[in-house]
Amino acid sequence: MSAPRVKRSAPSDKVAPQRKSGVRINRLHKWDLDLNEAKAVQRGLSKLVRLDSLGGEPRFIAGADVAVSPSGSLRFARGRVSADATPTRVFAAVVVWDAETRAVVETATRIGETRFPYIPGLLSFREAPTLLEAFSALSTRPDAAIFDGQGIAHPRRFGLACHVGLWLDIPSVGCAKSRLIGTHADLPQDRGAQVRLVDDGEVIGSVVRTRTNVKPVFVSPGHRIDFASATRLVLKCAARFRLPEPTRLADQLSKRAKASGPHDV
DNA sequence: GCGACAG
DNA sequence: ATCTTGTCGC
């Protein structure tokens, strides 16, 4: 009857597209799209974003950031994006940080290239591909990830943090250094102060002061996390500097990768 | 038509 | 984002 339980080899902790919390991405859309196709993809995938409350405190936090080589000129032609003639180098870095010991657990960098220009609102189509490759290089699966960009605080409620978070089906948070959309009230100068970021009558994130007398950051849920948890996580990781430790370290790593070796692609 | 506009 | 030196402030 009960056949000896074949001890299922622990599924590699490799970070790869998952299918949890009922979210499923049956077909991975391509990244080489034109302006309207990209927006359509965002509108469609935004419906899969879930602002669940994560169970328990995340311990291993991944920080992700990208450094790019100077991009050429972008141009549009009949609604299509005619990217630079010469692809832009993309140096993606991911740093897994242990919130308990406050130490780096693992890092991964990946060099790629893109012809998709930077267009406000379509950042993920330029950075996500290489970023996903970096995540795939990790041997451990982070409990959550913080991105250097917006989550749902986006025109179509689908910023970089949502895109990558949904793709990897991992709790994700968007922590941008500046505003993309939305309005908010002034906030106190004290660390920890926060006000809601609103767009079209709905709350899309929060403006958070991580350091006294320092410009605030824009926090918004990416996927599988609620507003309160997102803000809490950012404040927890950003106790010393303006940016959360994971993304701050990823920022340094990506820039080092760019400076030390624009080698293989 | 004129601004605004993550990185 | 990237190009860049020194400099004012906590």
Side-chain angles (χ1 to χ4, degrees), chain A residues 31 35 38-39 42 46 49 63-74 76 81 83-84 86-94 110-132 134 145-165 172-184 189-191 197-200 204-223 230 234 238-244 247-248 250-260 262:
Chain A
W31 298 95
L35 214 49
K39 290 181 179 178
Q42 296 184 322
S46 69
V49 170
D65 191 27
V66 162
V68 299
S69 59
S71 58
S73 57
L74 61 103
F76 302 85
V81 177
D84 317 327
T86 55
T88 298
R89 281 291 183 73
V90 177
F91 302 82
V94 176
R110 210 74 180 189
I111 302 177
E113 56 179 41
T114 181
R115 300 206 320 163
F116 205 101
Y118 166 68
I119 298 174
L122 297 179
L123 178 65
S124 58
F125 289 89
R126 180 179 171 77
E127 303 188 341
T130 310
L131 220 36
L132 287 171
I146 301 178
F147 294 82
D148 187 13
Q150 311 291 350
I152 63 174
H154 176 280
R156 291 166 289 285
R157 306 294 184 266
F158 200 68
L160 176 66
C162 298
H163 213 148
V164 179
S172 61
V173 176
C175 180
K177 299 185 293 297
S178 61
R179 183 193 70 89
L180 174 58
I181 60 167
T183 59
H184 65 85
Q189 292 297 313
D190 329 294
R191 163 186 157 76
L197 182 62
V198 179
D199 176 60
D200 193 35
I204 58 176
S206 53
V207 186
V208 184
R209 189 90 66 184
T210 56
R211 293 200 67 189
T212 300
N213 294 325
V214 170
K215 190 208 295 183
V217 292
F218 296 74
V219 182
S220 60
H223 181 52
V234 168
R240 234 182 118 172
F241 302 94
R242 182 199 176 207
L243 299 180
T247 51
R248 193 180 70 80
D251 176 77
Q252 301 182 330
L253 184 55
S254 65
K255 286 175 180 171
R256 276 188 292 157
K258 174 190 172 185
S260 63

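We name chains A, B, ... by the order of the sequence lines, and we start the count at 1 in each one. None of these values were measured; they are calculated from a predicted model. Computed over heavy atoms, backbone and side chain alike; hydrogens, waters and symmetry mates excluded.
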Sugar-phosphate, base or nothing in reach of A:A153, heavy atoms under 4.0 Å: nothing

Dot-bracket encoding per residue of DNA chain B, Watson-Crick/G-U cut-off under 3.5 Å, | denoting interstrand: .......

Residue met sooner reading DNA chain C from 5', once A:K177 and A:T212 are mapped to nucleotides: A:K177

Any residue meeting ring-ring contact (aromatic ring centres under 6.0 Å, His included) with A:F158, in chain and number order, not counting sequence neighbours: A:H163

Spacing of A:R242 atom CZ relative to C:dG9 atom C1', expressed in whole Å: 17 Å

Length of the line joining A:Y118:OH and B:dG7:P, which is rounded to integer Å: 7 Å

Side chain to side chain donor-acceptor pair (under 3.5 Å) against A:S206, all qualifying residues, sequence neighbours excluded: A:T231

A:L160 CG to B:dA6 P, straight-line distance once rounded to whole Å: 13 Å

Residues A:D65, A:K255: salt bridge by 4.0 Å N-O rule: no

Between C1' of B:dG7 and CZ of A:F218, the distance in whole Å: 14 Å

Sugar-phosphate, base or nothing in reach of A:N213, heavy atoms under 4.0 Å: nothing

Side-chain N,O (A:R179) to OP1/OP2 (B:dA6) below 4.0 Å: no

Whole-Å distance separating the CD1 atom of A:I146 from the P atom of B:dG7: 15 Å

Distance in angstrom units between A:I204 CD1 and B:dA6 C1', rounded: 12 Å

Pairing residues for A:A134 by the side chain to side chain contact (heavy atoms under 4.5 Å, CB included) criterion, not counting sequence neighbours: A:A92, A:V94, A:R110

Side-chain heavy-atom pair A:S69, A:T88 within 4.5 angstrom cut-off: yes

Any A:F147 side-chain heavy atom under 4.5 Å of A:L123 side chain: no

Whole-Å distance separating the NZ atom of A:K255 from the C1' atom of C:dT2: 9 Å

Watson-Crick or G-U stems involving DNA chain C, each at least 3 pairs long, distances under 3.5 Å, ordered by first number: none

Value in whole Å for how far the C1' atom of C:dA1 lies from NZ of A:K258: 8 Å

Residues in side chain to side chain donor-acceptor pair (under 3.5 Å) contact with A:K177, at least two apart in sequence or another chain: A:D148

With A:V217, the side-chain contact (heavy atoms from CB on, under 4.5 Å) member among A:R209, A:R242, A:R211: A:R242

Phosphate-side-chain proximity, A:S124 and B:dA6, N/O vs OP1/OP2 below 4.0 Å: no

A:S46 side chain reached by A:R156 side chain, heavy atoms, under 4.5 Å: no

Sugar-phosphate, base or nothing in reach of A:G174, heavy atoms under 4.0 Å: nothing

